[in-house]
Amino acid sequence: MKVNVNRYKCGYCGACVGVCPGGALELIETWVEVDENTCTACGMCGRICPVGAIELVK
Amino acid sequence: MKERYDVIVVGAGPAGSIAAKTAAEKGLDVLLIEKRQEIGAPVRCAEGVSKEFLRKHVEIDKRWVCADVNGSRVYAPDGTKVEMAEKLSGKEVGFVLERKIFDRALAELAAKAGAEVRVRTRATGLVLEDGFVKGIRLMHLGKEYEVRADIIIGADGVESKVGRWAGIDTSLKPADIETCVQYLVAGVDIDQECCEFYLGNEIAPGGYVWVFPKGEGKANVGIGILGSKGGKFKPRPVDYLNKFVEKHFPEGKIVEMVFGGVPVSGNIEKFTANGLMLIGDAARQADPITGGGILNGMDAGKMAGEAAYKAISAGDVSEEKLEELYEKRWKTGIGKKIDTNLIVKNCFVSLSDEDLNSLAHSVEDVKFESMRLLDLLYALFKANRKLLWELHVLFKDIAVEAAKNRL
């Protein structure tokens with residue numbers, strides 16, 4: 001499983017970065033970057049995204 | 001950009017700019033960086049502030065004031081209205097800001113005080129030596145830099161990384177964050193002197209919808225829901241907001257969309273490390289009830305700027321010193337208020353719509369002559385002791401005072 005950020009939906013607010021327990025996400029300027037080595041695919045980011053731009057995919 | 005500064009502030013929001021301004025005014029050599037190409041945009045804020053508190057930090061400038069507010073209305077789920085208005089007309093107590101202009105004006109004040117301001121400059125990591133933060137790695141237009149400083153101040157917002165890099169766990173749990181969407185709606189006929197709040201588990205579970213006047217027939221219409229109340233198969237804040245706007249402002253034109261996450265965790269365990277301080281949303285210092293973070297951030301920025309000066313002057317930037325100069329001062333002052341407001345938040349997010357309705361009914365006929373939230377809470381508590389028993393700790397002092405007066 002991995003995290004997929006739909007950059008066409010994302011409002012780059014950084015809420016997902018704030019809840020990521022492992023610090024695997026980063027808000028660069030107008031996009032969110034996922035460090036796949038650190039991400040545990042816990043899904044916390046997808047749960048709190050205000051627009052539903054984040055999904056766990058296989 | 002130089003190779004060395006006394007203080008580097010990461011993030012040019014209100015907290016960061018006030019920290020940079022304060023430190024620069026004390027004569028320190030300060031660098032203020034902002035990762036975005038524009039300070040103040042995109043906005044992630046409902047933009048309401050108290051006039052009195054804002055005055056402590058800056059002179060009011062009409063360029064960044066959109067509306068003067070003198071009252072607020074809170075709507076229960078069944079539509080019952082509770083009104084709070086300042087009894088003296090003309091005594092506007094709040095502002096709705098234009099953050100794009102406001103944030104930039106604050107950064108300009110920092111620059112005027114002598115701080116160097118760099119936009120589109122992003123922190124990518126800290127320089128750590130012997131357990132101390134000694135500097136920061138930056139990226140500007142694709143090029144990397146290493147810049148050293150005695151103290152780094154992290155004002156890098158809800159998405160803060162600076163604290164984590166120094167070993168401070170600032171990650172928020174879903175119950176610790178309000179996840180938000182806001183539309184700037186134009187062409188709406190709303191009271192431009194009043195802020196409105198709508199509560200209810202169908203409207204905004206664990207949060208509220210706000211309607212803040214923005215001048216000239218415009219309003220910030222936004223929603224925050226508690227992260228723990230949402231999820232994959234549940235509606236998103238954007239869905240709740242669309243429903244609300246369709247119902248209340250069918251004719252309104254959405255001219256701007258804003259997204260954001262507001263930390264409502266209350267005080268975190270620590271926000272200092274050797275050579276490092278966190279302020280504002282990065283230190284999770286927003287008010288847990290309202291989600292307001294501008295003024296707390298500015299207060300923290302001022303304290304951190306002063307602490308940086310004292311610590312550097314004393315030649316001691318250790319965690320103990322910064323804790324004593326900044327963190328203790330915070331936790332015994334505004335931090336205490338945040339602790340009590342967290343109790344209120346936790347009490348209110350557990351209430352059902354029936355509870356909220358009956359609370360509103362109990363104070364429906366009360367004329368509130370101030371906009372102070374504590375006055376409203378006290379009236380609610382007096383009429384609903386059982387339902388709001390968790391709040392009794394807030395009013396212990398008031399009760400003692402009242403008992404004394406009776407004797």
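Atoms considered below: every heavy atom in the structure, side chains included; atoms not considered: hydrogens, waters and symmetry mates. None of the values given here were measured: they were computed from a predicted structure. Per chain, numbering begins at 1; letters A, B, ... match sequence-line order.
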Distance-only donor-acceptor screen, chain B against chain A, under 3.5 angstrom:
unit_1	atom_1	unit_2	atom_2	d
B:Lys35	NZ	A:Leu27	O	2.9
B:Arg36	NH1	A:Glu29	O	3.0
B:Gln37	N	A:Glu29	OE2	3.3
B:Arg44	NH1	A:Cys13	O	2.6
B:Arg122	NH1	A:Glu26	OE2	3.1
B:Lys161	NZ	A:Gly23	O	3.0
B:Lys161	NZ	A:Leu25	O	2.6
B:Arg164	NH1	A:Cys20	O	2.7
B:Arg164	NH2	A:Val17	O	3.0
B:Arg164	NH2	A:Cys20	O	3.0
B:Leu172	N	A:Gly18	O	2.9
B:Thr179	OG1	A:Ile48	O	2.9
B:Ser228	O	A:Arg47	NH2	3.2
B:Arg236	NH1	A:Gly46	O	2.7
B:Arg236	NH1	A:Arg47	O	3.4
B:Arg236	NH1	A:Cys49	O	2.9
B:Arg236	NH2	A:Gly46	O	3.1
B:Val238	N	A:Pro50	O	3.4

For this session: Name the member of A:Gly46, A:Gly43, A:Cys49 that forms the most heavy-atom pairs with chain B at distances under 4.5 Å.
Result: A:Cys49
Exercise. Could you give the distance from SG (A:Cys16) to CG (A:Leu25), rounded to the nearest 0.5 Å?
Worked result: 5.0 Å
Exercise. Atom CG in B:Leu276, atom CD1 in B:Ile168: separation rounded to 0.5 Å?
Worked result: 5.5 Å
Problem set entry | With B:Asn346 via side chain to side chain donor-acceptor pair (under 3.5 Å) - residues at least two apart | none
For this session: Would you give the length of the straight line joining atom CG of B:Leu128 to atom CD1 of B:Ile136, rounded to the nearest 0.5 angstrom?
Result: 10.0 Å
Exercise. Minimum heavy-atom separation for B:Ala46 to B:Asn220, with atom names?
Worked result: O-ND2, 3.1 Å
Problem set entry | Choice from B:Pro174, B:Pro263, B:Ala282, B:Gly227 maximising heavy atom contacts with chain A below 4.5 Å | B:Pro174
Problem set entry | Structural part of B:Ala175 lying under 4.5 Å from a heavy atom of chain A | neither
For this session: Starting at CD1 of B:Ile153, measure out to CE of B:Met277 and round the result to the nearest 0.5 Å.
Result: 4.5 Å
Seminar exercise, completed: dist B:Ile279:CD1 -> B:Thr272:OG1 (nearest 0.5 Å) comes out at 13.0 Å
Seminar exercise, completed: Rounded to the nearest 0.5 angstrom, the CG-CD1 distance for B:Leu31 and B:Ile152 is 8.5 Å
Seminar exercise, completed: Cut-off 4.5 Å, heavy atoms of chain A, and the answer for B:Pro42 is side chain
